[in-house]
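Beneath this line is the structure, given in structure tokens, with notes to follow.
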There are 2 protein chains.
Amino acid sequence: MTTQLPVVCVPRLDLRAPDVIDAVAAASLIADPSRAAILAMLADGPVCVCEMAAALGARENNVSNHLARLRDAGLVRASRHEANARFLYYERDEAAVAAARAALADVLR
Amino acid sequence: MTTQLPVVCVPRLDLRAPDVIDAVAAASLIADPSRAAILAMLADGPVCVCEMAAALGARENNVSNHLARLRDAGLVRASRHEANARFLYYERDEAAVAAARAALADVLR
DNA sequence: GGAACATCTCAGTGACGACTGTGATGTTCA
DNA sequence: TGAACATCACAGTCGTCACTGAGATGTTCC
């Protein structure tokens, strides 16, 4: 609880707002419960769209919309199942996830 | 790039959606550029409302609204300047910030 | 006490985003 | 080939949230 208040109470006009666009972009994606759960589920390996929809209790086109946003952000990518190409499996791009984690950690550093 | 697709393509209905409410709450706060910048600025110590407003190029009541949300979440607290109590200085609650950081890191684990 | 300042609270407005429904695309199987 | 399935893309609707403006509270200084 050591609050270091400045001795002189003159507004510091040299204070610059830090660059937070990457953190905001990452946070905006996690700010939705469905997308946050999707990202957490994908931590354990690829998951099918229908599996995620069932786990979330959401419709598949709804999940698809969220996956499209995560895809556009580069956080996940899709590939069809080898044995049954009807199923589309999503997996995380760990490099992009690490970058998002770093951007968020920088704000809360 | 070792995508471990299941050999048998049967939807895993046992898949449960993980608990992400804490991460979503934290992300929702960071998802706004003003709040993200505020949290980042406060990492270096207490800052006055007028200083944050000047750095952000925002109006003071706007900044005050964002600070109220961060306050309600327990991430920041306010105290008046000892020498000049007209100025209200905000500082982070490092325990709460650490908890938010942990919740976010858990989703992107 | 009164004026100027710093900040808060609240209500109103506008914009962005989440969910839905529908139709389209690609895949499997009979 | 046709039916069923898995998923996507897009447009419409509705709710939430950020910014604004105005008024209220607390502080300092004359």
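These numbers come from the heavy atoms of this one structure, side chains and all, not from hydrogens, waters or symmetry mates. Values in this document were obtained by computation on a predicted structure and should not be read as measured data. Note on naming: letters A, B, ... go to the chains in the order of the sequence lines (proteins, then strands), and numbering restarts at 1 for each one.
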A:L108 versus B:V97, closest heavy-atom pair with distance:
O-CG1, 3.7 Å

Residues B:M41 and A:A17: closest non-hydrogen pair is SD-CA, 4.4 Å

Figure out the [atom1]/[atom2] separation between [X] and [N], and round it to whole Å.
X     : N      : atom1 : atom2 : answer
B:D32 : C:dC16 : CG    : P     : 14 Å
B:N61 : D:dT20 : CG    : C1'   : 7 Å
B:I30 : D:dA18 : CD1   : P     : 13 Å
B:L88 : C:dT9  : CG    : P     : 10 Å
B:L70 : D:dC17 : CG    : P     : 14 Å
A:H66 : D:dA9  : NE2   : P     : 15 Å
A:N65 : C:dT22 : CG    : P     : 15 Å
B:D72 : C:dT9  : CG    : C1'   : 12 Å

Any heavy-atom pair between the side chains of [Y] and [X] that's under 4.5 Å?
X     : Y      : result
B:D44 : A:R109 : yes
A:R69 : A:D72  : no
A:I30 : A:L104 : yes

Result for 5'-nearest mapping on DNA chain C, choosing between A:R35 and B:L67, is B:L67

Can you tell which of D:dT7, C:dT20, D:dC19 lies closest to the side chain of B:S34?
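Among the listed nucleotides, the one closest to the side chain of B:S34 is D:dC19.
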
B:E60: side chain to side chain donor-acceptor pair (under 3.5 Å) partners, not counting sequence neighbours
none

Give the B/S/- string for nucleotides 25-30 of chain D, one per nucleotide from 5' to 3', where a protein heavy atom under 4.0 Å of the base yields B, of only the sugar-phosphate yields S, and otherwise -.
-BBS--

Check side chain to side chain contact (heavy atoms under 4.5 Å, CB included) between B:A103 and all other residues, then give those that pass, not counting sequence neighbours.
B:D22, B:A23

Can you find a side chain N or O atom of A:Y90 that sits less than 4.0 Å from OP1 or OP2 on D:dA6?
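Answer is no, no contact under 4.0 Å.
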
